[in-house]
Amino acid sequence: MKPSSGNTPEKVRAKLSNIFELPADVVLDLPRFMLVGNSSLLIENHEGILEYSEMLVRVATKEGTVAVTGQELELEEISTDQIMISGRISALKWPE
Amino acid sequence: MRIWHSLRGYVIIRIEGVYLERFLNLCMAERIGIWGVGRKSRTVMTARVGVKDFPRLRSVVRRTGCRVSITRRRGGLFLFTRFRFRKFLLGGVAVAAAVVFLLSSYVWSIGIIGVSGTEHASYMRQLESQGVHIGMFKSALDLTRIEESLVVNNEDVVWACARLSGVRLTIEVVKGEQAPELVDTQTPTRVIATKDAVVDSMVILEGRRMVQNGQTVEKGQELIGGVIEYEDMPQRYVHARGKVYGRVWYSKKVSLPLNTVTATDTGRTLTVRYLRLGGWTIPIDPEDVPYQHARTETRDYELIGEGLFVPARVEAVLYIEQDVQQVPADMEALKASAQLKAWEAVKQELPASALIENRDYVFSVVSGSLVCEARVETLEQIGKVVKLNAP
């Protein structure tokens, strides 16, 4: 069996994005997070809600599960493209 | 989007179940507009959903096993439904809207900027003559015509702008500077003094200086001459003009008595009666009044003859004795009063443009009176242009 050269489509796209200075979130379809103060967080390119409570929201993304912790968390807006979380956000934890 | 949902109407729902996250993901997958999601407990959640999307929740509910109930209805659709049968209320709202719309189509206030208070009425009359007045339809306004007419009809107006903001018509007027008075330079003139003074300074625009600074001049004396002479040239007549500033002194005296006279009634009185018959006066009582100082009060008693040719009257004169004493006045108060009166007297002689340089008061006592003399030194324009009788 021929060994893999390591040039997966994602890696190719990442290189192209780097060469042509294209935004990575568009080319690689990566999730995008926009935090306004600590009161609202907009997540784009998500893949669904895994868990939702007043103190924790776990959102599935292509890069893994992102956990948003805080208090009085609400889902202001949810759609296939984006989720807006409002409340007192204290932490945004990325998968290790 | 929220505003659109508010207009269209939305419901607040309560979702109960175990798979609430699955419920949300399915809503997203089905593209059901859901927002304002809040977690109440482990198995309960509230959310807002549009009226149109609410029936589409049925398949999601079936697939997740959740229970959905409506807790509140909000937005324009439900508001309309609630008031649908309250015809008078809806009618009132419609009438009020119509009245507001109608009233807002009139001009309710006219403001003119750039004119003085006294001119304001004149400009308002001009506007009225063109049919512009409070209470007119806004659609009947021709702003360009108003601007043009104000500039054309008023010589001093160089620019006018009319604008309508809401129900207020604002007209801004800008006036030009008045052209300086034309000087008839062809007429030979000279400048003479209008009063006795000491020349302080001179600004000669044309003509020949006839006096020096610090020189005392008399009224009528020539200050700037209109005849120019050179040794080997013929006489030349010019329109002499300029400003001559001189120091002028004014003085006024005021005298006030040193003693003030007080008169008090002693209580003693005497009545003397007279009979007045036509033009004659006949004393009834003895006429000798024993009082040195007395005031009188007169009363008339008509006896007979009212309406007749010669009426007879009795006149009673009441003499009230008075004790008259002269009390020395308070000197400080008297001086202050005299000073004020002297200043008031001298002030009337000062020209409005005079600049007061110095002012003092001199007091003296002359034959039982305090005399106050106010002396004022002013700096003022003393030159006056008069025609020169040139040959």
Side-chain angles (χ1 to χ4, degrees), chain A residues 25-26 28-95, chain B residues 1-54 56-61 63-68 71-72 74-75:
Chain A
D25 58 327
V26 176
L28 302 175
D29 202 23
L30 292 174
R32 189 173 171 184
F33 296 81
M34 191 167 75
L35 188 63
V36 181
N38 70 338
S39 60
S40 71
L41 172 69
L42 182 71
I43 305 170
E44 290 178 354
N45 288 344
H46 69 91
E47 290 185 340
I49 298 165
L50 299 177
E51 188 181 349
Y52 167 52
S53 71
E54 273 195 312
M55 301 178 76
L56 173 69
V57 181
R58 286 172 63 230
V59 179
T61 68
K62 205 173 181 183
E63 297 289 298
T65 303
V66 176
V68 180
T69 54
Q71 289 181 330
E72 298 167 13
L73 298 180
E74 282 189 6
L75 302 174
E76 276 294 304
E77 199 180 324
I78 53 171
S79 68
T80 48
D81 304 324
Q82 59 185 35
I83 296 171
M84 183 179 280
I85 302 168
S86 68
R88 280 182 287 164
I89 297 163
S90 57
L92 176 65
K93 195 179 175 188
W94 201 256
Chain B
M1 200 64 188
R2 294 266 175 92
I3 296 171
W4 175 243
H5 282 305
S6 297
L7 289 172
R8 285 287 302 272
Y10 63 90
V11 290
I12 300 173
I13 54 173
R14 177 187 166 89
I15 309 144
E16 280 181 75
V18 181
Y19 305 110
L20 293 176
E21 285 82 4
R22 184 171 151 75
F23 180 91
L24 293 174
N25 288 328
L26 282 173
C27 282
M28 283 190 275
E30 296 284 333
R31 296 194 177 276
I32 295 170
I34 188 166
W35 72 97
V37 181
R39 192 78 182 231
K40 298 299 167 192
S41 68
R42 193 170 175 77
T43 56
V44 178
M45 197 167 65
T46 59
R48 289 167 168 77
V49 63
V51 175
K52 271 202 150 185
D53 285 339
F54 181 72
R56 293 172 59 205
L57 285 175
R58 192 170 296 158
S59 66
V60 177
V61 169
R63 284 152 72 186
T64 55
C66 294
R67 284 172 54 200
V68 171
T71 55
R72 297 190 79 166
R74 290 210 176 142

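Chain naming here is simple, since letters A, B, ... match the order of the sequence lines and numbering starts at 1 in each. Hydrogens, waters and symmetry mates play no part in the numbers below; they use all other heavy atoms, side chains included.
- Judged as a ring-ring contact (aromatic ring centres under 6.0 Å, His included), the pairs with a partner in residues 65-94 of chain A (not counting sequence neighbours) are, in order, A/F33-A/W94.
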A/L73 and A/L56: CA distance, side-chain angles, deciding distance, side-chain contact (heavy atoms from CB on, under 4.5 Å) verdict: CA-CA 7 Å; A/L73 298 180; A/L56 173 69; 5.7 Å; no
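- For the atom pair B/I34 CD1 and B/I13 CD1, the distance stands at 4.5 Å (nearest 0.5 Å).
- In summary, of the residues considered (A/I85, A/V66, A/L41, A/I89), a side chain to side chain contact (heavy atoms under 4.5 Å, CB included) with A/V57 occurs for A/I85 alone.
- Contact between B/I15 and B/A47 at its shortest, heavy atoms only, is CD1-CB, 4.1 Å.
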Mind running side-chain contact (heavy atoms from CB on, under 4.5 Å) on A/L35 and A/L92 for me, showing each step along the way? CA-CA 10 Å; A/L35 188 63; A/L92 176 65; 5.8 Å; no
For chain A against chain B, print all donor and acceptor atom pairs separated by less than 3.5 Å.
residue	atom	partner	partner atom	Å
A/I49	N	B/N25	OD1	2.7
A/I49	O	B/N25	ND2	2.6
A/Y52	N	B/E21	OE2	2.7
A/Y52	O	B/R39	NH1	2.3
A/Y52	OH	B/V37	O	3.1
A/Y52	OH	B/R39	N	3.1
A/L75	N	B/V37	O	2.9
A/L75	O	B/G36	N	3.3
A/L75	O	B/V37	N	2.8
A/E76	O	B/R2	NH2	3.4
A/E76	O	B/G36	N	3.1
A/E76	OE1	B/R2	NH2	2.8
A/T80	OG1	B/R31	NH1	3.1

